[in-house]
Amino acid sequence: MEIYLVEIFDYDLVIVGSGLAGLRAAIEAARTGNGKLRIAIIAKNQLMRPHSISAEGGSAAVLYTEEGDSFDLHAYDTIKGSDYLGDQDVVEFFVRQCPVDVLELEHWGIPWARREDGRIAQRPFGGHSYPRATFASDRTGFYEVHTLYDTLLKYGNVDKYHEQFVYDFIIENNRFKGVMALDIPTGQIRIFKARAGIIATGGLGRLYGYTTYSHLVTGDGLAIALRRGMRLKDIEFIQFHPTGLVPSGILITEGVRGDGGILRNAKGERFMEKYAPTKKDLAPRDIVSRSMMTEILEGRGFKGPNGLDYLLLDFSPIGAEKIKEKLSQVREIGMHYVGIDPLESPLPVRPAAHYTMGGIDVTRTGFTGITGLWAAGEAACYSVHGANRLGANSTSECIVFGKIAGGESAKWLLKDNGMITLSEGEMSSAEDFISDAYKDKGDNDPYEIKRELWSTMDKYAYVFRNEKDLTEGLKVIRGLIERSGKISISEKGNVYNQNLISTLEMKNLVELAEVVVFSALQRKESRGSHFRTDYPKRDDENFLKHTIIQRVDGAPQITYRPVTLTKWKPEPRVY
Ligand SMILES: Cc1cc2nc3c(=O)[nH]c(=O)nc-3n(C[C@H](O)[C@H](O)[C@H](O)COP(=O)(O)OP(=O)(O)OC[C@H]3O[C@@H](n4cnc5c(N)ncnc54)[C@H](O)[C@@H]3O)c2cc1C
């Protein structure tokens, strides 16, 4: 089998990822470029099937100030939710932009749910003091992706590439020059040469075995960024969503509790009253997840399969009519995956890995520090979410900051930023990388390594962490990294070689696991989603700062950066 560099494309802008962030960026770049820019949007699966389509509950936006909501309230909720690690200037900007971009989706045809008077409906969400999650049934992400994709079709100068696995960025002298991709259907190489790029490859949730993320979400963009010397920020903060369905981990949206659903332990008690007397079941996710695990660890849970002990999510207070209208997908999930109709019985749930608060270190415009390269969406860390994201703030973040990255990169490109030329070496290294990946280097099974990674992360870097577990986890992960270099790809064909793709994804995951656990070890305090049983208190004196991690000579190296505070002083988080 031979590997060829079959095509070199030449674009002004290449966008890697067609989730909410990538699609929104593409629209804005095309709109700003006004026909003058050649744009490519590429994804490793079908463009209309990004992980974003699984977003269920809603997108946060202040729409009804006359009824009591306000930008300050949304900002305060987000900052308190972030356990004061959110940069307050960025949060203030974000909340003002959300309604603009949520209403823009309305103008592009999204079927937002309606109040009886015809105005846009919003539902309550965890940690928000006002019902501001704008939703389309419990399929919000699906409708958002389709609305954005339809809108993108208006622009003729955007080429769309499905099933292209990007495995490297071409960067020379701190200047972005394009990406290298494997054309999955043929197994051959393509270089997307471009004067500018946007990384919109999503988070890294498949580090964990028990997770709400699809198998697509393997942190590829983050791993490549690290290899290319870029910095990741606050990567130790992984969100565990309280209600992953046991045993699959499929998400049961927070909208269930927003609409009145209640968590109960094995004694039938509504235990959240004890942990968050005011917000109860609608406290922020880090608090609800910790409370649930406390209930389970203290013996008030149900025995589940493979150690997945669980609690119950009771739908009965919501009422049949509302469940059928607003939570129809969740009902189908219950019936299909565990044979339970939530109209009749509660669903078994426990906290599942759900969101990557950290990401590529970027400025407010998504600029990565590499000339010509931006990042957007879950792959980027603008410091809106800090140590814990509030539900409904991510889809909004994708459309707000995706738009900005698209617009900024296009404006920059219109200023004529020179030609890109690729050297012979750069072109042949594209082939060498894949040829090398096929070489027999040992008898380790890539799928086994991935399974071991999942059980390691589930065990040592879950809701409760401590020095001993993290140290043990890091040791195991370093062993996995070593084994990941001693693999043989058993499938040798070129066409749709899933074995090769899974191996490349696995390598990305193990490398990312190392920096997640390494950063978690250094943060000797508890803040948001990162709870250390050996340092159970938040320590503002020593740790009110962002973790910045980089690989230097192959080893992770950490520095810290202050958090930007504007008008909200850190205070105890009581809900
Ligand atoms: C089940 C679930 C429900 C959620 N519900 C909500 C909600 O209701 N509200 C909310 O605010 N947030 C929600 N979130 C979070 C939110 O959906 C995500 O953070 C957001 O959709 C991420 O969008 P994105 O554009 O950054 O990335 P994604 O949607 O993950 O898209 C990434 C894109 O990058 C491409 N890609 C990745 N790697 C490569 C590669 N190597 N080569 C080429 N292409 C690549 C993928 O093919 C894909 O097109 C939910 C998350 C989950 C897991």
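Atoms within a ligand are numbered from 1 in the order they appear, just like the ligands themselves.
- Here atom 47 (O) of ligand 1 lies nearest to Asn45 when heavy atoms of Asn45, Ile250, Leu504 are compared.
- Those atoms of ligand 1 that come under 4.0 Å of a heavy atom in Leu251, given as number and element, are 1 (C), 2 (C), 3 (C).
- Classification of the Tyr213-His354 ring pair by plane angle, with boundaries at 30° and 60°, yields tilted.
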Q: Decide yes or no on side-chain hydrogen bond (donor to acceptor under 3.5 Å, both in side chains) for Thr186 and Asp183, but give the supporting numbers first.
A: CA-CA 6 Å; Thr186 64; Asp183 177 47; 2.6 Å; yes
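- Residue contact check: Gly202 has heavy atoms under 4.0 Å from atoms 26 (O), 27 (O), 30 (O), 32 (C) of ligand 1.
- The backbone N or O of Gln122 sits nowhere less than 3.5 Å from a side-chain atom of Thr134 that would complete a donor-acceptor pair.
- Side-chain atoms of Arg257 come within 3.5 Å of backbone N or O of Asp281 as a donor-acceptor pair.
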Q: Could you walk me through whether Arg24 and Glu397 pass salt bridge (Lys or Arg N to Asp or Glu O under 4.0 Å), step by step?
A: CA-CA 11 Å; Arg24 188 63 193 83; Glu397 181 202 56; over 6 Å; no
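- Within the cation-pi definition used here (under 6.0 Å to the ring centroid, within 45° of the axis), Lys322 does not qualify as a partner of Phe315.
- A cation-pi contact, defined as under 6.0 Å to the ring centre and within 45° of the axis, links Arg389 to Tyr355.
- Distances from ligand 1 to the non-hydrogen atoms of Gly141 include no value under 4.0 Å.
- Each of the atoms 26 (O) of ligand 1 lies under 4.0 Å from some heavy atom of Gly377.
- Under 4.0 angstrom from ligand 1, the non-hydrogen atoms of Arg389 all belong to its side chain.
- One option in Asn508, Asp220, Thr356 has a heavy atom closer to atom 38 (N) of ligand 1 than any other, and that option is Asp220.
- Enclosure of atom CD in Glu7 by more than 12 non-hydrogen atoms of other residues, nucleotides or ligands within 6.0 angstrom is indicated.
- One option in Leu148, Ile501, Thr395 has a heavy atom closer to atom 10 (C) of ligand 1 than any other, and that option is Thr395.
- For the 3.5 Å distance criterion, the side chains of Ser383 and Lys233 qualify, holding a donor opposite an acceptor.
- Each of the following atoms of ligand 1 lies closer than 4.0 Å to a heavy atom of Ala21: 25 (O).
- Counting protein heavy atoms only, atom 37 (C) of ligand 1 is closest to Thr201 O, 3.5 Å.
- Below 4.0 Å from some heavy atom of Phe165 lie the following atoms of ligand 1, by number and element: 41 (N), 42 (N).
- Atoms of ligand 1 found under 4.0 Å from any heavy atom of Ala392, numbered from 1 in the order shown, are 9 (N), 10 (C), 11 (O).
- Stacking of Arg123 on the aromatic ring of Phe135 is recorded, both the 6.0 Å distance cut-off and the 45° axial limit being met.
- Here the protein heavy atom with the shortest distance to atom 4 (C) of ligand 1 is Ala55 CA, 3.4 Å.
- Using a 4.0 Å cut-off between heavy atoms, Asn393 contacts ligand 1 through its backbone alone, with no side-chain atom that close.
- For atom 2 (C) of ligand 1, the closest heavy atom belonging to the protein is His354 CE1, 3.5 Å.
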Q: Quick one: do Thr243 and Arg350 satisfy side-chain hydrogen bond (donor to acceptor under 3.5 Å, both in side chains)? Show the steps, please.
A: CA-CA 5 Å; Thr243 53; Arg350 80 179 253 131; over 6 Å; no
Q) Hey, mind stepping through Glu505 and Arg206 against salt bridge (Lys or Arg N to Asp or Glu O under 4.0 Å) and telling me if it holds? A) CA-CA 10 Å; Glu505 290 175 338; Arg206 274 285 153 183; over 6 Å; no
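- Annotation: atom 53 (C) of ligand 1 to nearest protein heavy atom, His51 NE2, 2.9 Å.
- Annotation for ligand 1: atoms under 4.0 Å from non-hydrogen atoms of Ser52 are 20 (C), 21 (O), 22 (C), 23 (O), 24 (P), 25 (O), 28 (P), 29 (O).
- The number of heavy atoms from other shown groups lying within 6.0 Å of OH (Tyr447) is above 12.
- When each atom of ligand 1 is checked for a heavy atom of Gln164 under 4.0 Å away, the hits are 42 (N), 43 (C).
- A heavy-atom separation below 4.0 Å is not found between Thr140 and ligand 1.
- Using a 4.0 Å cut-off between a side-chain N of Lys or Arg and a carboxylate O of Asp or Glu, Lys507 and Glu514 do not qualify as a salt bridge.
- Close placement of the Phe9 and Tyr161 rings is indicated, their centers lying within 6.0 Å of each other.
- The nearest protein atom to atom 16 (C) of ligand 1, hydrogens excluded, is given as Ser394 OG, 3.5 Å; this is a heavy-atom distance.
- For the pair Phe125 and ligand 1, the shortest N or O to N or O distance does not fall below 3.5 Å.
- Residue Val166 has at least one nitrogen or oxygen atom sitting less than 3.5 Å from a nitrogen or oxygen atom of ligand 1, judged on distance alone.
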Q | Verdict with supporting geometry, Asp83 and Asn388, side-chain hydrogen bond (donor to acceptor under 3.5 Å, both in side chains) | A | CA-CA 7 Å; Asp83 218 346; Asn388 173 65; over 6 Å; no
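- Contacts between Cys398 and ligand 1 below 4.0 angstrom, taking non-hydrogen atoms only, involve the side chain exclusively.
- Heavy-atom separations between Ala200 and ligand 1 include at least one value shorter than 4.0 Å.
- Checked against a 6.0 Å centroid threshold, the rings of Tyr64 and Tyr130 do not count as neighbours.
- Proximity of Ala133 to ligand 1, defined as any heavy-atom pair under 4.0 Å, is not found for any part of the residue.
- Among protein heavy atoms, atom 49 (O) of ligand 1 sits closest to Ser18 N, 2.9 Å.
- Under 4.0 angstrom from ligand 1, the non-hydrogen atoms of Tyr355 all belong to its side chain.
- Closest heavy-atom approach to atom 9 (N) of ligand 1 within the set Gly58, Gly57, Gly359: this belongs to Gly58.
- In this structure, the protein non-hydrogen atom closest to atom 44 (N) of ligand 1 is Lys44 N, 3.0 Å.
- Contacts of Glu56 with ligand 1, taken as heavy-atom pairs under 4.0 Å, involve the backbone alone.
- Scanning the protein heavy atoms around atom 18 (C) of ligand 1, the nearest turns out to be Glu378 OE1, 3.3 Å.
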Q.
I'd like to know whether Glu56 forms a side-chain hydrogen bond (donor to acceptor under 3.5 Å, both in side chains) with Thr140, so could you lay out the CA-CA distance, the side-chain angles of the two residues, the decisive distance to 0.1 Å, and finally the verdict.
A. CA-CA 5 Å; Glu56 295 175 5; Thr140 303; over 6 Å; no
